[in-house]
Chemist: 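After the structure tokens below, expect a handful of questions from me.
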Amino acid sequence: MPRTPVSEARKPERIGQQTLIQGWVRTRRDSKAGFSFLEINDGSCMANLQVIVDGSLPNYETEVKRLTAGCSVSVHGQIKPSSGKGQATELLAETVQVHGWADPESYPLQKKRHSFEKLREWAHLRPRTNTFGAVARVRNCVCQSIHQFFQQRGFLYIHTPIITASDCEGAGEMFRVTTLDLENVPRQQGTVDYSMDFFDRPSYLTVSGQLEAEIFATALGNVYTFGPTFRAENSNTSRHLAEFWMIEPEMAFYELTDNMDLAEQFLKQICRDVLERCGEDMQFFHDRIDNTVLATLDSIVQHQFIRLPYTDAVEILQRSGQTFEFPVAWGSDLQSEHERYLTEQHFQRPVVLYDYPRVIKPFYMRVNDDGRTVRAMDVLVPKVGEIIGGSQREERLEMLEQRMVEQDLRPDDYWWYLDLRRFGTVPHAGFGLGLERMLQFITGMANIRDVIPFPRTPGSAEF
RNA sequence: UCCCCUGUAGCUCAAUGGUAGAGCGAGCGGCUGUUAACCGCUAGGUUGCUGGUUCGAGUCCAGCCGGGGGAGCCA
């Protein structure tokens, strides 16, 4: 008999059916009348299935009464209407098979709340908790929604390389990839001889698939990447990981407003899907984690995002009467406190900032006719901050080369990137969404380490 | 990397420089179609590590290690 998920067994229409349930005991309660209640969770949903085990079962005294939180079982029996409160159905056990015990003296997870910090030390067990089960289900839902969004619009899913030799964008510190013996590095005239390395040159883990995505966008139209991304920055914050997942669509013949339109539709669709498909989990996040998440998602779906040129944002901040730790000045990047003021206080909803000063943005962003700004856009949301960064790309060869020189990059190193402009160049645009930041925003989980199964941060890679 | 906070029982936290405690969890017993169950009893500690000050250090000082919050970097 195939197993029935708890999510199914809890439905009233299952009453009367012979059923096999397999999962992990959350708690056991004994009745003096000679039977026990088991709460079984199998991860298919937030809720447990209540199992009634009568004392007449042959292994009742020897096994069932020794079951504790964490034990794994198969229970076979019939679904009955539940006379108690809290559930429509329950399973009347005919057999209970114990697969694995979990000694309560040494099993770390207790029948009580644990702090997220403590649970991070038990990353191998935390998926067995309500919160991390819910995070895993919502994460899965968001990923499915992302693929669906692009697939329905005819975007091609492109796999860009994880190992790269281009120190692209200068976007922060990169992880080295090497097969050289670090105890005995080959040297040529004092410096490391990378011709002896696996790829005959220094190579790294990718910090972005954008440049490669542009190759495919300028051949096939609309594409997206969705994969792991690595930053070797020594960042210790609730919003940074050394390994995270990023979604990067890249669209030919898109200009910045098209890009903003797509980003907004994209975020709205994810929120809609989560509300529709993860109702129970979202209710949990609302009740136990952050009681604003449901209202926030509703509001995202219903309201237009604010769109605001950087220059106007600077003006709003300067006129705000707020005292900021860092002064606001045109030409310097906005600080976290500035972004937070705009999105959490002034507008109280997502804000798309665009047309940033040329000097603070990377070479590939298209220069505006004013010469001093570029067609960049950042989507800022309350609490999490920057969730999307994107731009219309510079498609004019001469301008792109000029921008590289401006930023001390050697155009020769990017010969293939420049070829895209040299041959059949088109206006195009794209953006990057940080999956974990999106999940933080949706679930209200305060720390990014709690929305990825196995967080990688400086000094931490245990599991 | 910088600034601030923090490290005591399995977990969450108390303890004026003077004999280390509580709640929860666990074990045992009681009660109960129960559901964050409830009541009673019991066990459980090298106070992160190293050094220093002191008659005496969980407490004060220094260094190191871990955790958290904020900043920078960004998604």
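All heavy atoms count here, side chains included; hydrogens, waters and symmetry mates do not. Per chain, numbering begins at 1; letters A, B, ... match sequence-line order.
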Chemist: At 4.0 Å (heavy atoms only), tell me whether A:S82 reaches a base, stays on the sugar-phosphate, or touches nothing.
Modeler: base
Chemist: Find the distance A:I52:CD1 to B:U35:P and express it as a whole number of Å.
Modeler: 12 Å
Chemist: Does A:E90 get its side chain close enough to the base of B:G33, under 3.5 Å, for a donor-acceptor pair?
Modeler: yes
Chemist: Within the 4.0 Å heavy-atom criterion, would you say A:L241 contacts the bases, only the backbone, or no part of the nucleic acid?
Modeler: base
Chemist: Are any protein N/O atoms closer than 3.5 Å to N/O atoms in nucleotides 9-12 of chain B? If there are, list each pair with its distance.
Modeler:
unit_1	atom_1	unit_2	atom_2	d
B:G10	O2'	A:Q110	NE2	3.4
B:G10	N2	A:Q110	OE1	2.8
B:G10	N2	A:Q110	NE2	3.3
B:G10	N3	A:Q110	NE2	2.7
B:C11	OP1	A:K118	NZ	3.2
B:C11	O2	A:K112	NZ	2.5
B:U12	OP1	A:S115	OG	3.2

Chemist: For B:G44, which nucleotide is its Watson-Crick or G-U wobble mate, given both distances must be under 3.5 Å?
Modeler: none
Chemist: Once you apply a heavy-atom cut-off of 4.0 Å, does A:G84 come out as touching a base, just sugar-phosphate, or nothing?
Modeler: base
Chemist: Just checking, any donor-acceptor pair under 3.5 angstrom between side chains of A:Y60 and A:S36?
Modeler: yes
Chemist: Could you walk me through whether A:H99 and A:S74 pass the side-chain hydrogen bond (donor to acceptor under 3.5 Å, both in side chains) check?
Modeler: CA-CA 7 Å; A:H99 296 281; A:S74 287; 2.6 Å; yes
Chemist: With a 4.0 Å cut-off on heavy atoms, is A:D30 in touch with a base, just the backbone sugar-phosphate, or nothing at all?
Modeler: base
Chemist: What is the separation between atom CG on A:N234 and atom P on B:C74, rounded to the nearest whole Å?
Modeler: 15 Å
Chemist: Kindly confirm whether the side-chain ring of A:F35 is stacked on the base of B:G33, judged by centres under 5.5 Å and planes under 30°.
Modeler: no
Chemist: If the P atom of B:G52 is compared with that of B:G58, how far apart are they to the nearest Å?
Modeler: 15 Å
Chemist: Have a look at A:Q87 and say if it touches a base, only the backbone sugar-phosphate, or nothing, with a 4.0 Å heavy-atom cut-off.
Modeler: base
Chemist: Using the C1' atom as the point on both nucleotides, what is the distance between B:G45 and B:G33, in whole Å?
Modeler: 41 Å
Chemist: Give one of base, sugar-phosphate or nothing for A:R239, where a contact means two heavy atoms less than 4.0 Å apart.
Modeler: base
Chemist: Starting from C1' on B:G27, measure out to CZ on A:R66 and report it in whole angstrom.
Modeler: 14 Å
Chemist: Classify the side chain of A:S235 and the base of B:C73 as holding, or not holding, a donor-acceptor pair under 3.5 Å.
Modeler: yes
Chemist: Looking at A:N130, I'd like to know whether one of its side-chain N or O atoms comes within less than 4.0 Å of OP1 or OP2 on B:A36.
Modeler: no
Chemist: Between A:W122 and A:R128, is there a cation-pi geometry (under 6.0 Å to ring centre, at most 45° from the normal)?
Modeler: no
